[in-house]
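These notes concern the structure reproduced below.
This is a predicted model, so every value here is computed, not measured. Every chain is numbered from 1 and lettered A, B, ... according to where its sequence line falls, protein lines coming before strand lines.
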Protein chains: 2
Amino acid sequence: MALIDLFGEDSVVQGRQVRTEPIQQRSAARLTALLDAAAEVVDEVGFDRITTAMVAERAGASIGTVYRYYPDRVAVLEGLRERAVLRFRQRVAESLKETQPKTWWEAVDCGVTAFVELYRAEPGFRILHFADRERAQSSVPDELATGFFAHQIAGVLTEEFGLAAGDDLIFRLEVAVEMADSLLSRAFTWNAQGDERFIAECRRIMHDYLAGFYGTDA
Amino acid sequence: MALIDLFGEDSVVQGRQVRTEPIQQRSAARLTALLDAAAEVVDEVGFDRITTAMVAERAGASIGTVYRYYPDRVAVLEGLRERAVLRFRQRVAESLKETQPKTWWEAVDCGVTAFVELYRAEPGFRILHFADRERAQSSVPDELATGFFAHQIAGVLTEEFGLAAGDDLIFRLEVAVEMADSLLSRAFTWNAQGDERFIAECRRIMHDYLAGFYGTDA
DNA sequence: CAGCCATGATCGAGTTCCGTTCCGTCAGCA
DNA sequence: TGCTGACGGAACGGAACTCGATCATGGCTG
(Lines give C-alpha, C1' and ligand atoms only; values in the text may rest on other atoms or scores of the structure.)
Protein backbone atom coordinates (compact mmCIF):
# COMPACT_ATOMS: atom_id res chain seq x y z
CA MET A 1 0.00 0.00 0.00
CA ALA A 2 1.48 3.32 -1.02
CA LEU A 3 1.64 6.16 1.44
CA ILE A 4 -0.26 8.31 -0.97
CA ASP A 5 -3.21 5.96 -0.77
CA LEU A 6 -3.43 6.30 2.94
CA PHE A 7 -3.09 10.01 3.08
CA GLY A 8 -4.22 11.11 -0.32
CA GLU A 9 -7.59 12.64 -0.90
CA ASP A 10 -9.00 9.53 -2.47
CA SER A 11 -9.63 7.87 0.82
CA VAL A 12 -11.48 10.80 2.31
CA VAL A 13 -15.12 10.02 2.76
CA GLN A 14 -17.32 12.81 1.56
CA GLY A 15 -18.85 14.59 4.51
CA ARG A 16 -22.53 14.75 5.20
CA GLN A 17 -22.59 18.35 6.25
CA VAL A 18 -23.30 19.70 2.77
CA ARG A 19 -26.95 20.03 1.95
CA THR A 20 -26.79 20.14 -1.79
CA GLU A 21 -23.95 18.85 -3.85
CA PRO A 22 -22.82 21.64 -6.14
CA ILE A 23 -23.84 20.94 -9.71
CA GLN A 24 -22.87 24.05 -11.56
CA GLN A 25 -19.33 25.26 -11.42
CA ARG A 26 -19.89 28.62 -9.82
CA SER A 27 -21.39 26.94 -6.80
CA ALA A 28 -18.18 25.08 -6.09
CA ALA A 29 -16.43 28.43 -5.95
CA ARG A 30 -19.17 29.66 -3.62
CA LEU A 31 -18.58 26.78 -1.30
CA THR A 32 -14.89 27.41 -0.97
CA ALA A 33 -15.56 31.12 -0.61
CA LEU A 34 -17.92 30.37 2.25
CA LEU A 35 -15.36 28.20 4.00
CA ASP A 36 -12.59 30.74 3.40
CA ALA A 37 -14.80 33.39 4.93
CA ALA A 38 -15.66 31.19 7.87
CA ALA A 39 -11.98 30.48 8.44
CA GLU A 40 -11.14 34.17 8.57
CA VAL A 41 -14.04 35.04 10.81
CA VAL A 42 -13.21 32.21 13.19
CA ASP A 43 -9.70 33.56 13.56
CA GLU A 44 -10.99 37.07 14.17
CA VAL A 45 -13.91 36.65 16.52
CA GLY A 46 -13.67 33.07 17.76
CA PHE A 47 -15.96 30.09 17.62
CA ASP A 48 -18.58 31.46 19.94
CA ARG A 49 -19.06 34.81 18.30
CA ILE A 50 -19.14 33.74 14.69
CA THR A 51 -22.49 34.44 13.02
CA THR A 52 -23.89 33.21 9.77
CA ALA A 53 -24.35 36.80 8.68
CA MET A 54 -20.63 37.47 9.13
CA VAL A 55 -19.73 34.47 7.02
CA ALA A 56 -22.17 35.44 4.30
CA GLU A 57 -21.00 39.03 4.13
CA ARG A 58 -17.33 38.09 4.13
CA ALA A 59 -17.94 35.61 1.33
CA GLY A 60 -19.87 38.18 -0.67
CA ALA A 61 -22.96 36.03 -0.49
CA SER A 62 -26.35 36.31 1.07
CA ILE A 63 -27.67 34.54 4.11
CA GLY A 64 -29.75 32.28 1.95
CA THR A 65 -26.69 31.01 0.16
CA VAL A 66 -25.09 29.90 3.40
CA TYR A 67 -28.16 27.87 4.21
CA ARG A 68 -28.30 26.47 0.75
CA TYR A 69 -25.10 24.61 1.48
CA TYR A 70 -25.17 24.07 5.19
CA PRO A 71 -28.12 23.08 7.35
CA ASP A 72 -27.05 25.24 10.25
CA ARG A 73 -24.31 27.30 11.81
CA VAL A 74 -22.52 24.37 13.39
CA ALA A 75 -22.45 22.53 10.08
CA VAL A 76 -20.42 25.38 8.59
CA LEU A 77 -17.81 24.88 11.26
CA GLU A 78 -17.87 21.15 10.68
CA GLY A 79 -17.36 21.77 7.00
CA LEU A 80 -14.42 23.96 7.84
CA ARG A 81 -12.99 21.25 10.03
CA GLU A 82 -13.46 18.63 7.38
CA ARG A 83 -11.58 20.74 4.89
CA ALA A 84 -8.81 21.33 7.39
CA VAL A 85 -8.48 17.59 7.97
CA LEU A 86 -8.39 17.01 4.25
CA ARG A 87 -5.69 19.59 3.73
CA PHE A 88 -3.69 18.19 6.60
CA ARG A 89 -3.76 14.76 5.07
CA GLN A 90 -2.82 16.09 1.68
CA ARG A 91 0.05 17.99 3.20
CA VAL A 92 1.26 14.88 4.99
CA ALA A 93 1.03 12.94 1.76
CA GLU A 94 3.13 15.57 -0.06
CA SER A 95 5.59 15.69 2.76
CA LEU A 96 6.00 11.93 2.72
CA LYS A 97 6.51 11.90 -1.02
CA GLU A 98 9.17 14.59 -0.85
CA THR A 99 10.97 13.31 2.20
CA GLN A 100 11.02 9.63 1.26
CA PRO A 101 11.45 8.72 4.93
CA LYS A 102 13.83 5.88 5.70
CA THR A 103 12.64 5.31 9.25
CA TRP A 104 9.31 5.31 10.99
CA TRP A 105 10.50 8.28 12.95
CA GLU A 106 11.04 10.41 9.87
CA ALA A 107 7.56 9.50 8.73
CA VAL A 108 6.01 10.56 12.01
CA ASP A 109 8.02 13.75 11.86
CA CYS A 110 6.40 14.58 8.54
CA GLY A 111 3.10 14.65 10.34
CA VAL A 112 4.34 17.10 12.92
CA THR A 113 5.85 19.33 10.27
CA ALA A 114 2.67 19.33 8.22
CA PHE A 115 0.62 20.21 11.25
CA VAL A 116 2.88 23.11 12.18
CA GLU A 117 2.99 24.46 8.65
CA LEU A 118 -0.76 24.44 8.34
CA TYR A 119 -1.25 26.01 11.74
CA ARG A 120 0.97 28.84 10.58
CA ALA A 121 -0.47 29.36 7.16
CA GLU A 122 -4.04 28.17 7.13
CA PRO A 123 -6.70 30.49 8.55
CA GLY A 124 -9.04 28.75 10.94
CA PHE A 125 -6.84 25.70 11.23
CA ARG A 126 -7.19 25.77 14.98
CA ILE A 127 -10.69 24.45 14.49
CA LEU A 128 -9.09 21.03 14.29
CA HIS A 129 -8.27 20.99 17.94
CA PHE A 130 -11.37 22.82 19.02
CA ALA A 131 -13.95 20.65 17.37
CA ASP A 132 -12.37 17.60 18.91
CA ARG A 133 -13.85 18.50 22.22
CA GLU A 134 -17.25 19.75 21.30
CA ARG A 135 -17.92 16.70 19.23
CA ALA A 136 -17.44 14.50 22.23
CA GLN A 137 -20.75 15.01 23.88
CA SER A 138 -22.99 14.56 20.94
CA SER A 139 -22.01 11.99 18.44
CA VAL A 140 -20.47 8.65 17.90
CA PRO A 141 -16.77 8.44 17.07
CA ASP A 142 -16.40 9.36 13.44
CA GLU A 143 -13.73 8.86 10.88
CA LEU A 144 -12.25 12.26 11.62
CA ALA A 145 -11.45 11.48 15.24
CA THR A 146 -7.95 10.87 16.44
CA GLY A 147 -8.66 7.16 16.37
CA PHE A 148 -9.02 7.35 12.64
CA PHE A 149 -5.65 9.01 12.26
CA ALA A 150 -4.19 6.37 14.47
CA HIS A 151 -5.44 3.68 12.11
CA GLN A 152 -4.10 5.52 9.08
CA ILE A 153 -0.70 5.98 10.61
CA ALA A 154 -0.67 2.40 11.81
CA GLY A 155 -1.21 1.34 8.23
CA VAL A 156 1.76 3.34 7.02
CA LEU A 157 4.08 2.23 9.79
CA THR A 158 3.09 -1.38 9.40
CA GLU A 159 3.32 -1.54 5.63
CA GLU A 160 6.35 0.63 5.09
CA PHE A 161 8.48 0.05 8.14
CA GLY A 162 7.39 -3.34 9.31
CA LEU A 163 6.14 -2.38 12.74
CA ALA A 164 4.02 -5.05 14.37
CA ALA A 165 0.38 -4.35 13.69
CA GLY A 166 -2.23 -4.82 16.38
CA ASP A 167 -4.30 -3.13 19.02
CA ASP A 168 -1.21 -2.11 20.95
CA LEU A 169 0.12 -0.15 18.01
CA ILE A 170 -3.24 1.47 17.42
CA PHE A 171 -3.57 2.47 21.05
CA ARG A 172 -0.05 3.80 21.22
CA LEU A 173 -0.62 5.90 18.17
CA GLU A 174 -3.92 7.21 19.43
CA VAL A 175 -2.22 8.34 22.61
CA ALA A 176 0.60 9.86 20.59
CA VAL A 177 -1.79 11.73 18.31
CA GLU A 178 -3.68 13.05 21.29
CA MET A 179 -0.52 14.32 22.95
CA ALA A 180 0.87 15.83 19.79
CA ASP A 181 -2.35 17.62 19.02
CA SER A 182 -2.41 18.98 22.52
CA LEU A 183 1.20 20.15 22.61
CA LEU A 184 1.18 21.66 19.16
CA SER A 185 -2.04 23.51 19.85
CA ARG A 186 -0.46 24.76 23.03
CA ALA A 187 2.50 25.98 21.00
CA PHE A 188 0.15 28.17 19.00
CA THR A 189 -2.09 29.29 21.82
CA TRP A 190 -0.22 32.47 22.57
CA ASN A 191 2.13 32.58 19.64
CA ALA A 192 0.91 32.82 16.08
CA GLN A 193 4.15 31.37 14.74
CA GLY A 194 4.16 28.56 17.25
CA ASP A 195 6.38 28.40 20.30
CA GLU A 196 9.44 26.51 19.08
CA ARG A 197 10.08 25.11 22.51
CA PHE A 198 6.80 23.25 22.52
CA ILE A 199 7.18 22.14 18.93
CA ALA A 200 10.63 20.72 19.57
CA GLU A 201 9.52 19.07 22.78
CA CYS A 202 6.60 17.55 20.94
CA ARG A 203 8.92 15.97 18.39
CA ARG A 204 11.16 14.65 21.13
CA ILE A 205 8.27 13.21 23.11
CA MET A 206 6.76 11.54 20.06
CA HIS A 207 10.07 9.96 19.28
CA ASP A 208 10.78 8.77 22.79
CA TYR A 209 7.27 7.54 23.40
CA LEU A 210 7.07 5.49 20.23
CA ALA A 211 10.71 4.41 20.35
CA GLY A 212 10.31 3.17 23.89
CA PHE A 213 7.88 0.63 22.56
CA TYR A 214 9.16 -0.27 19.15
CA GLY A 215 12.86 0.10 19.51
CA THR A 216 15.04 3.05 18.62
CA ASP A 217 14.64 4.09 15.01
CA ALA A 218 14.77 1.90 11.94
CA MET B 1 5.86 26.07 52.49
CA ALA B 2 3.11 23.58 53.19
CA LEU B 3 1.35 21.80 50.36
CA ILE B 4 -1.91 23.13 51.64
CA ASP B 5 -0.73 26.66 51.02
CA LEU B 6 -0.07 25.96 47.39
CA PHE B 7 -3.24 24.16 46.65
CA GLY B 8 -5.63 25.45 49.29
CA GLU B 9 -8.34 27.91 48.52
CA ASP B 10 -6.48 30.80 50.12
CA SER B 11 -4.33 31.37 47.12
CA VAL B 12 -7.16 31.47 44.64
CA VAL B 13 -7.62 34.90 43.20
CA GLN B 14 -11.24 35.91 43.00
CA GLY B 15 -12.41 35.89 39.42
CA ARG B 16 -13.59 38.92 37.52
CA GLN B 17 -16.44 37.32 35.75
CA VAL B 18 -18.99 38.18 38.44
CA ARG B 19 -20.73 41.45 37.90
CA THR B 20 -21.80 42.14 41.45
CA GLU B 21 -20.21 40.64 44.48
CA PRO B 22 -22.94 39.05 46.59
CA ILE B 23 -23.57 41.02 49.76
CA GLN B 24 -26.54 39.39 51.34
CA GLN B 25 -26.45 35.75 52.22
CA ARG B 26 -29.19 34.54 49.93
CA SER B 27 -27.36 35.81 46.89
CA ALA B 28 -24.39 33.61 47.60
CA ALA B 29 -26.78 30.67 47.54
CA ARG B 30 -28.19 31.98 44.28
CA LEU B 31 -24.78 32.10 42.73
CA THR B 32 -23.97 28.52 43.57
CA ALA B 33 -27.44 27.49 42.47
CA LEU B 34 -26.83 29.14 39.12
CA LEU B 35 -23.51 27.38 38.67
CA ASP B 36 -24.98 24.05 39.76
CA ALA B 37 -27.73 24.51 37.21
CA ALA B 38 -25.25 25.46 34.52
CA ALA B 39 -23.17 22.38 35.29
CA GLU B 40 -26.14 20.08 34.93
CA VAL B 41 -27.36 21.71 31.76
CA VAL B 42 -23.90 21.58 30.21
CA ASP B 43 -23.75 17.85 30.80
CA GLU B 44 -27.19 17.38 29.35
CA VAL B 45 -27.24 19.54 26.25
CA GLY B 46 -23.62 20.54 25.69
CA PHE B 47 -21.82 23.84 25.49
CA ASP B 48 -23.41 24.95 22.27
CA ARG B 49 -27.01 24.35 23.17
CA ILE B 50 -27.01 25.76 26.67
CA THR B 51 -29.25 28.81 27.01
CA THR B 52 -29.48 31.35 29.76
CA ALA B 53 -33.16 30.50 30.08
CA MET B 54 -32.33 26.87 30.81
CA VAL B 55 -29.87 27.86 33.49
CA ALA B 56 -32.31 30.28 35.08
CA GLU B 57 -35.18 27.82 35.12
CA ARG B 58 -33.04 24.97 36.47
CA ALA B 59 -31.78 27.24 39.23
CA GLY B 60 -35.29 28.41 40.09
CA ALA B 61 -34.40 31.96 39.20
CA SER B 62 -35.42 34.41 36.53
CA ILE B 63 -33.46 35.50 33.52
CA GLY B 64 -32.70 38.83 35.11
CA THR B 65 -30.97 37.13 38.02
CA VAL B 66 -28.56 35.36 35.69
CA TYR B 67 -27.59 38.68 34.18
CA ARG B 68 -27.27 40.26 37.58
CA TYR B 69 -24.29 38.01 38.22
CA TYR B 70 -22.86 37.39 34.80
CA PRO B 71 -22.42 39.86 31.95
CA ASP B 72 -23.25 37.30 29.30
CA ARG B 73 -23.78 33.67 28.48
CA VAL B 74 -20.10 32.89 28.06
CA ALA B 75 -19.28 34.41 31.43
CA VAL B 76 -21.53 31.86 33.11
CA LEU B 77 -19.43 29.10 31.60
CA GLU B 78 -16.28 30.87 32.69
CA GLY B 79 -17.65 31.06 36.19
CA LEU B 80 -18.34 27.37 36.05
CA ARG B 81 -14.80 26.74 34.91
CA GLU B 82 -13.38 28.87 37.67
CA ARG B 83 -15.29 26.90 40.26
CA ALA B 84 -14.16 23.64 38.72
CA VAL B 85 -10.54 24.77 38.94
CA LEU B 86 -11.06 25.74 42.55
CA ARG B 87 -12.54 22.38 43.40
CA PHE B 88 -9.78 20.58 41.61
CA ARG B 89 -7.19 22.40 43.64
CA GLN B 90 -9.04 21.72 46.86
CA ARG B 91 -9.26 18.07 45.97
CA VAL B 92 -5.55 17.92 45.24
CA ALA B 93 -4.84 19.59 48.56
CA GLU B 94 -6.98 17.02 50.40
CA SER B 95 -5.42 14.20 48.48
CA LEU B 96 -1.93 15.39 49.34
CA LYS B 97 -2.81 15.74 53.00
CA GLU B 98 -4.23 12.23 53.16
CA THR B 99 -1.58 10.52 51.09
CA GLN B 100 1.45 12.16 52.64
CA PRO B 101 3.48 11.40 49.52
CA LYS B 102 7.06 10.32 50.06
CA THR B 103 8.22 10.87 46.49
CA TRP B 104 7.55 13.48 43.85
CA TRP B 105 5.88 10.80 41.82
CA GLU B 106 3.29 10.06 44.46
CA ALA B 107 2.54 13.76 44.67
CA VAL B 108 2.02 14.04 40.92
CA ASP B 109 -0.16 10.97 41.07
CA CYS B 110 -2.43 12.72 43.54
CA GLY B 111 -3.13 15.26 40.86
CA VAL B 112 -4.12 12.62 38.35
CA THR B 113 -6.34 10.89 40.88
CA ALA B 114 -8.05 14.12 41.85
CA PHE B 115 -8.69 14.94 38.22
CA VAL B 116 -10.20 11.54 37.53
CA GLU B 117 -12.39 11.60 40.61
CA LEU B 118 -13.78 14.99 39.79
CA TYR B 119 -14.38 14.07 36.18
CA ARG B 120 -16.44 11.15 37.42
CA ALA B 121 -18.37 12.92 40.13
CA GLU B 122 -18.62 16.59 39.33
CA PRO B 123 -21.25 17.69 36.84
CA GLY B 124 -19.88 19.92 34.16
CA PHE B 125 -16.27 19.22 35.07
CA ARG B 126 -15.41 18.64 31.45
CA ILE B 127 -15.63 22.39 31.00
CA LEU B 128 -12.07 22.50 32.28
CA HIS B 129 -10.67 21.07 29.13
CA PHE B 130 -13.14 22.74 26.86
CA ALA B 131 -12.66 26.30 28.01
CA ASP B 132 -8.91 25.91 27.66
CA ARG B 133 -9.23 26.18 23.95
CA GLU B 134 -11.80 28.85 23.56
CA ARG B 135 -9.95 31.11 25.94
CA ALA B 136 -6.90 31.07 23.76
CA GLN B 137 -7.98 33.44 21.10
CA SER B 138 -9.29 36.21 23.25
CA SER B 139 -7.33 36.94 26.32
CA VAL B 140 -3.96 37.11 27.90
CA PRO B 141 -2.66 34.10 29.84
CA ASP B 142 -4.46 34.09 33.15
CA GLU B 143 -3.82 32.44 36.43
CA LEU B 144 -6.07 29.55 35.53
CA ALA B 145 -4.01 28.45 32.56
CA THR B 146 -1.88 25.34 32.62
CA GLY B 147 1.13 27.56 33.17
CA PHE B 148 -0.24 28.53 36.51
CA PHE B 149 -0.64 24.93 37.54
CA ALA B 150 2.88 24.28 36.42
CA HIS B 151 4.12 27.00 38.76
CA GLN B 152 2.08 25.64 41.63
CA ILE B 153 3.32 22.12 41.13
CA ALA B 154 6.86 23.35 40.70
CA GLY B 155 6.58 24.99 44.09
CA VAL B 156 5.48 21.77 45.71
CA LEU B 157 8.11 19.62 44.04
CA THR B 158 10.86 22.07 44.80
CA GLU B 159 9.98 22.69 48.42
CA GLU B 160 8.96 19.20 49.40
CA PHE B 161 11.10 16.95 47.28
CA GLY B 162 14.09 19.07 46.52
CA LEU B 163 13.80 19.14 42.75
CA ALA B 164 15.90 21.82 41.12
CA ALA B 165 13.79 24.89 40.56
CA GLY B 166 14.06 26.87 37.38
CA ASP B 167 12.59 27.50 33.98
CA ASP B 168 13.34 23.97 32.88
CA LEU B 169 11.22 22.53 35.63
CA ILE B 170 8.41 24.93 34.89
CA PHE B 171 8.46 24.13 31.21
CA ARG B 172 8.58 20.40 31.82
CA LEU B 173 5.62 20.62 34.11
CA GLU B 174 3.66 22.75 31.71
CA VAL B 175 4.18 20.16 29.02
CA ALA B 176 3.23 17.41 31.45
CA VAL B 177 0.06 19.20 32.52
CA GLU B 178 -0.91 19.75 28.92
CA MET B 179 -0.44 16.10 28.06
CA ALA B 180 -2.22 14.86 31.16
CA ASP B 181 -5.17 17.13 30.56
CA SER B 182 -5.39 15.92 27.02
CA LEU B 183 -5.12 12.21 27.78
CA LEU B 184 -7.48 12.27 30.74
CA SER B 185 -10.08 14.22 28.81
CA ARG B 186 -9.71 11.67 26.04
CA ALA B 187 -10.32 8.94 28.58
CA PHE B 188 -13.69 10.48 29.37
CA THR B 189 -14.68 11.46 25.86
CA TRP B 190 -16.60 8.30 25.11
CA ASN B 191 -16.69 6.75 28.53
CA ALA B 192 -18.38 8.42 31.48
CA GLN B 193 -16.31 6.44 33.97
CA GLY B 194 -13.11 7.11 32.11
CA ASP B 195 -11.29 4.62 29.92
CA GLU B 196 -8.87 2.93 32.32
CA ARG B 197 -6.42 2.27 29.55
CA PHE B 198 -5.92 5.97 28.92
CA ILE B 199 -5.83 6.79 32.62
CA ALA B 200 -3.17 4.17 33.29
CA GLU B 201 -1.18 5.24 30.26
CA CYS B 202 -1.39 8.83 31.41
CA ARG B 203 0.10 7.93 34.79
CA ARG B 204 2.85 5.96 33.12
CA ILE B 205 3.69 8.73 30.70
CA MET B 206 3.74 11.36 33.42
CA HIS B 207 6.10 9.24 35.43
CA ASP B 208 8.43 8.42 32.58
CA TYR B 209 8.47 11.92 31.20
CA LEU B 210 9.28 13.56 34.50
CA ALA B 211 11.55 10.78 35.67
CA GLY B 212 13.56 10.95 32.48
CA PHE B 213 14.59 14.42 33.49
CA TYR B 214 14.85 14.32 37.22
CA GLY B 215 15.91 10.79 37.88
CA THR B 216 13.80 7.81 38.84
CA ASP B 217 11.72 8.49 41.90
CA ALA B 218 12.84 9.88 45.23
C1' DC C 1 -36.53 44.74 70.68
C1' DA C 2 -39.88 46.35 67.26
C1' DG C 3 -40.29 48.73 63.35
C1' DC C 4 -38.25 51.56 59.63
C1' DC C 5 -36.03 52.07 55.45
C1' DA C 6 -31.83 52.19 52.49
C1' DT C 7 -30.20 49.18 49.57
C1' DG C 8 -29.39 44.70 47.74
C1' DA C 9 -31.91 41.25 45.19
C1' DT C 10 -35.44 39.57 42.12
C1' DC C 11 -38.60 39.42 38.53
C1' DG C 12 -40.23 39.21 33.84
C1' DA C 13 -42.07 41.85 29.94
C1' DG C 14 -39.89 44.07 26.37
C1' DT C 15 -36.08 44.93 22.98
C1' DT C 16 -32.60 43.63 19.99
C1' DC C 17 -30.07 40.55 17.51
C1' DC C 18 -29.21 36.19 15.32
C1' DG C 19 -30.35 31.72 13.27
C1' DT C 20 -33.24 29.91 9.93
C1' DT C 21 -36.96 29.69 6.42
C1' DC C 22 -39.14 30.62 2.18
C1' DC C 23 -40.42 32.29 -1.92
C1' DG C 24 -39.67 35.43 -5.75
C1' DT C 25 -36.08 36.31 -9.05
C1' DC C 26 -31.85 35.43 -11.74
C1' DA C 27 -28.46 32.49 -14.29
C1' DG C 28 -26.72 28.45 -16.60
C1' DC C 29 -27.66 24.65 -19.56
C1' DA C 30 -30.14 22.05 -23.18
C1' DT D 1 -36.96 29.48 -24.68
C1' DG D 2 -38.14 26.78 -21.04
C1' DC D 3 -36.31 24.08 -17.09
C1' DT D 4 -33.75 23.61 -13.19
C1' DG D 5 -30.08 25.08 -10.17
C1' DA D 6 -28.54 29.17 -7.68
C1' DC D 7 -29.25 33.40 -5.29
C1' DG D 8 -31.12 37.24 -2.53
C1' DG D 9 -33.22 39.20 1.24
C1' DA D 10 -37.57 40.09 3.75
C1' DA D 11 -39.83 37.81 7.33
C1' DC D 12 -40.29 34.74 11.33
C1' DG D 13 -39.07 32.57 15.71
C1' DG D 14 -36.41 32.24 19.43
C1' DA D 15 -32.54 33.35 22.40
C1' DA D 16 -29.55 36.93 24.47
C1' DC D 17 -29.78 40.71 27.07
C1' DT D 18 -32.01 45.30 29.39
C1' DC D 19 -34.52 47.88 32.61
C1' DG D 20 -37.69 49.77 35.67
C1' DA D 21 -41.03 48.04 39.02
C1' DT D 22 -41.28 45.30 43.08
C1' DC D 23 -39.80 42.46 47.02
C1' DA D 24 -36.56 41.05 50.88
C1' DT D 25 -32.88 41.80 54.07
C1' DG D 26 -30.59 43.37 57.81
C1' DG D 27 -28.54 47.36 60.07
C1' DC D 28 -30.13 51.29 62.67
C1' DT D 29 -32.88 53.98 65.58
C1' DG D 30 -35.78 55.17 69.14
Side-chain angles (χ1 to χ4, degrees), chain A residues 14 16-42 44-81 127 131 134 138, chain B residues 14 16-42 44-81 127 131 134 138:
Chain A
Q14 187 54 260
R16 292 149 213 77
Q17 86 289 1
V18 180
R19 251 182 173 168
T20 307
E21 218 51 34
I23 308 278
Q24 301 181 3
Q25 210 168 22
R26 61 170 170 167
S27 62
R30 272 282 190 224
L31 234 168
T32 66
L34 284 175
L35 290 184
D36 289 345
E40 287 176 25
V41 175
V42 155
E44 286 169 24
V45 307
F47 302 103
D48 276 350
R49 317 269 182 207
I50 192 175
T51 71
T52 52
M54 289 181 197
V55 175
E57 189 189 356
R58 183 69 61 102
S62 71
I63 288 292
T65 301
V66 174
Y67 283 90
R68 167 154 199 86
Y69 294 107
Y70 295 99
D72 59 26
R73 195 183 69 99
V74 177
V76 177
L77 293 175
E78 278 169 13
L80 183 58
R81 174 161 173 268
I127 196 165
E134 190 58 13
S138 60
Chain B
Q14 187 54 258
R16 292 152 213 73
Q17 87 289 2
V18 179
R19 252 183 172 167
T20 307
E21 218 51 35
I23 308 279
Q24 301 179 2
Q25 211 165 21
R26 59 172 169 163
S27 63
R30 271 280 190 229
L31 236 167
T32 66
L34 285 175
L35 290 184
D36 288 346
E40 286 177 26
V41 175
V42 155
E44 286 168 24
V45 307
F47 301 105
D48 275 352
R49 318 268 181 212
I50 192 173
T51 72
T52 52
M54 289 181 197
V55 175
E57 188 189 357
R58 182 70 61 102
S62 70
I63 289 290
T65 300
V66 174
Y67 283 91
R68 167 158 197 82
Y69 293 107
Y70 296 99
D72 60 25
R73 195 182 70 98
V74 177
V76 177
L77 294 176
E78 278 169 13
L80 183 58
R81 172 162 174 268
I127 194 160
E134 192 56 14
S138 60

Using the side-chain contact (heavy atoms from CB on, under 4.5 Å) criterion, which residues pair with A/Val55? Sequence neighbours excluded. A/Leu34, A/Ala37, A/Ala38, A/Ile50

Rounding to a whole Å, what distance do you find between A/Arg49:CZ and C/dG19:C1'? 16 Å

Euclidean distance, atom OH of residue A/Tyr69 to atom P of C/dT20 [Å, nearest integer]: 18 Å

List for me each residue that meets side-chain hydrogen bond (donor to acceptor under 3.5 Å, both in side chains) alongside B/Arg73, sequence neighbours excluded, and say none if there are none. none

Report the residues that fulfil side-chain hydrogen bond (donor to acceptor under 3.5 Å, both in side chains) with A/Glu57, sequence neighbours left out, ordered by chain and then residue number. none

Any side-chain N or O of B/Thr65 under 4.0 Å from OP1/OP2 of C/dC11? yes

Taking N or O atoms only and anything under 3.5 Å, show me the protein contacts with nucleotides 11-15 of chain D, one pair per line.
none

Without decimals, in angstroms, what is the distance between B/Ile63 CD1 and D/dG20 P? 19 Å

Send over the distance from B/Tyr67 OH to C/dT16 P, rounded to a whole Å. 16 Å

Rounded to whole Å, the CD-P distance (B/Glu57 to C/dC11) equals 13 Å

Contacts of type side-chain hydrogen bond (donor to acceptor under 3.5 Å, both in side chains), residue A/Thr65, not counting sequence neighbours: A/Ser62

Within less than 4.0 Å of OP1 or OP2 of D/dA6, is there a side-chain N or O belonging to A/Arg30? no

Could you state the atom-to-atom distance from CZ of A/Arg68 to P of D/dT4 in whole Å? 14 Å

Can you list everything that forms a side-chain contact (heavy atoms from CB on, under 4.5 Å) with A/Thr51? Sequence neighbours excluded, please. A/Ala53, A/Met54

What's the CG-P distance between B/Asp72 and C/dC18, to the nearest Å? 13 Å

How many whole angstroms separate atom CG of A/Asp48 from atom C1' of C/dG19? 15 Å

Closest-nucleotide ordering on DNA chain C, the 5'-leading residue of A/Met54 and B/Ala61: B/Ala61

Non-hydrogen side-chain atoms of A/Thr52 and A/Tyr67 separated by less than 4.5 Å: yes

